[in-house]
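Only this structure's heavy atoms are used, side chains among them; waters, hydrogens and symmetry mates stay out. Within every chain, numbering begins at 1; the chains are lettered A, B, ... in the order of the sequence lines, protein sequences first and strands thereafter.
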Number of protein chains: 2
Amino acid sequence: MNSKPRYQQVKDYVLAQLESGALQAKDRVPSENELVEKMNVSRMTANRALRELNDEGLLVRIAGVGTFVADFKATSHVLEVHNIADEIKRRGHEHAALVLQLSRQHARGEIARALQLGQGEDVFHILVVHRENDIPIQLEDRYVRAMFAPDCLEQDFAVITPSAYLSNISPLQEAEHSVQAAMPNAAVTRHLRMKAGEPCLLVMRRTWSRGLPVSFARLHHPGSRYELTGRFAPANSGNNEYTQFSELGRREQ
Amino acid sequence: MNSKPRYQQVKDYVLAQLESGALQAKDRVPSENELVEKMNVSRMTANRALRELNDEGLLVRIAGVGTFVADFKATSHVLEVHNIADEIKRRGHEHAALVLQLSRQHARGEIARALQLGQGEDVFHILVVHRENDIPIQLEDRYVRAMFAPDCLEQDFAVITPSAYLSNISPLQEAEHSVQAAMPNAAVTRHLRMKAGEPCLLVMRRTWSRGLPVSFARLHHPGSRYELTGRFAPANSGNNEYTQFSELGRREQ
DNA sequence: TGCACTAGCCTGTATATACAACCAAAGGAA
DNA sequence: TTCCTTTGGTTGTATATACAGGCTAGTGCA
């Protein structure tokens, strides 16, 4: 009862190894000829399967070398915003991070629900202020499921951002976002050096790996200084890539 | 000096007709066999070209019938938010729109810059409040380049949303977004029935057609009631489609 | 008239074959 | 050693061929 096209079967075969973790980021994926033998298809069929997975951003193919698993950062479009340090550096500015808190806690309430944890399961709580040229632009309030990140407390999140650390330890991810405007409380206002009465842009992000929620983050940004921008261009002749809601930009004004 | 692969040449051939307007939404695109003759390629090559344009959302292919130009709404992912009426109806709620203003104006300042207009060129100004179950959720403050929409003043934007009207008259589009948190002025506060001191989520959108900016919109949403959500899932086995920052959701709380 | 069937066009997939281009590693020459 | 060449594996593209399956319009029969 397998009516799926054969190229899809090949895609599923590779996808299964990606999702099970058998293939990690940057690992080598079976070559077209290996798939021809293993799956008993023609090379054109294997080629189509790998090519489509490449087009979808899951694999990276290098002519003459081979096919490799893309790391999450490379695959992501929407989530390029993931690593704010890279965004800042891309603008040619200086990034600095100040770690306000790094501790192990029992999850409860909203955090436990967001991460689908049983009561009492542990999470790491990371609180970091990110600065662009010494101006605070993001307060990162992140909770990471402890069992996924045993060495979390040893990290120096002033050097490696939490999101970069997470993409290292969990190879393939999904993410949910929500963006809203909100009034910050006193602590957020202070950490971001915001004026009284100034709203903030609050991005909430939940990331998943292998079907399980790994991390939940509340990202506060000062509303007067920051905006989320993006461009959608359906297949411009020259430019096949499209950028989507990807830049967390410091607003110029 | 044409080193482009031939399937890309076929794609470019079709794309040129899309962008020039020679092919409009829902028009029939040359069949594979027609392209075989016209472009002197094999059917497999023509197939790849049309298949990729289909995967990119620009064409719709129906086995046994033919290939057709997708209308913009169907192609869009990020821009499903485009039509707030559809979003509301998808949630099973009632949409109502109140037209506050509909007039022809001379563009100036920010509007002229955003639409890249010469001084004195005319725009239509549309101001509409969108309600979900009688609760205001969006104040749409839109400017449309007059030469693109000659019959704009005859439209009833309580029945057809401005974005739906625009996708009808300009078949293929690009869009730029910016999302920020801001404090509304008195008029916005009143139209959206917001409490004093409540921030709003401000989405600014600029749409393009055939390389020219067509429309510029400021969309205010009450911060306490609304959020922008999205999910990015790289190729779940069953679900090849991904939703991206696509829903303008009424927050439940 | 009304219905069933068929011919023809369309897309979708699969394969075998071919050649080009790229790259890395091995091997040979200076 | 260092540099150059070769060689084999890899992806990228292009074609001819084949068959399956969906849809439409027209044909012909009742």
Next on the checklist: One character per nucleotide, please: for nucleotides 3-8 of chain D, 5' to 3', B when the base has a protein heavy atom closer than 4.0 Å, S when only the sugar-phosphate does, - otherwise.
Outcome noted: ------
Table of protein N/O atoms under 3.5 Å from nucleotides 15-20 of chain D N/O atoms:
residue: dT15(D); atom: OP1; partner: Arg6(B); partner atom: NH1; Å: 2.9
residue: dT15(D); atom: OP2; partner: Ser42(B); partner atom: N; Å: 3.1
residue: dT15(D); atom: OP2; partner: Thr45(B); partner atom: OG1; Å: 2.9
residue: dA18(D); atom: N6; partner: Arg43(B); partner atom: NH2; Å: 3.3

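Legend: residues meeting side chain to side chain donor-acceptor pair (under 3.5 Å) with Arg51(B), ordered by chain and number and at least two apart, are Asn47(B). Checked against salt bridge (Lys or Arg N to Asp or Glu O under 4.0 Å), Arg6(A) has no partners two or more places apart in sequence or in another chain. Residues that satisfy the side chain to side chain donor-acceptor pair (under 3.5 Å) test with Arg61(A), not counting sequence neighbours, are Glu32(A), Thr67(A). With sequence neighbours excluded, the residues forming a salt bridge (Lys or Arg N to Asp or Glu O under 4.0 Å) with Glu140(A) are Arg142(A), listed by chain and number.
Remark: Thr67(A) is in phosphate contact with dT11(D), judged by side-chain N or O atoms under 4.0 Å from OP1 or OP2. In this model, the phosphate group of dA14(C) is not approached by any side-chain N or O of Tyr7(A) to a distance below 4.0 Å at OP1 or OP2.
In this entry the distance linking CZ of Phe68(B) with C1' of dG22(D) reads 13 Å, nearest Å. A straight line from CG of Leu35(B) to C1' of dC10(C) spans 13 Å, rounded to a whole angstrom. Remark: C1' of dT13(D) and CD of Gln8(B) are 13 Å apart, rounded to the nearest angstrom. The CD-P distance, from Gln9(A) to dA14(C), rounds to 8 Å in whole Å. Residue Arg48(B) contributes atom CZ, which lies 7 Å from atom P of dA14(D) at whole-angstrom precision. A straight line from CD of Glu32(A) to C1' of dA21(C) spans 14 Å, rounded to a whole angstrom. Remark: C1' of dC10(C) and CD of Glu34(B) are 10 Å apart, rounded to the nearest angstrom. Computed from coordinates, the Asn33(A) CG to dG12(D) C1' distance equals 13 Å when rounded to whole Å.
Between the side chains of Gln8(A) and Asp12(A), a donor-acceptor pair is found at a separation under 3.5 Å.
Going from atom CD1 of Ile137(A) over to atom NE2 of His221(A) covers 6.5 Å, rounded to the nearest 0.5 Å.
Salt bridge absent: Arg28(A) and Glu34(A) never bring a charged side-chain N and a carboxylate O closer than 4.0 Å.
Nearest-nucleotide assignment on DNA chain D puts the 5′-proximal partner with Gly66(A), out of Gly66(A) and Asn47(A).
With a 4.5 Å cut-off on side-chain heavy atoms, His95(A) and Thr161(A) count as touching. Between Val41(B) and Gln9(B) the shortest side-chain heavy-atom distance does not fall below 4.5 Å.
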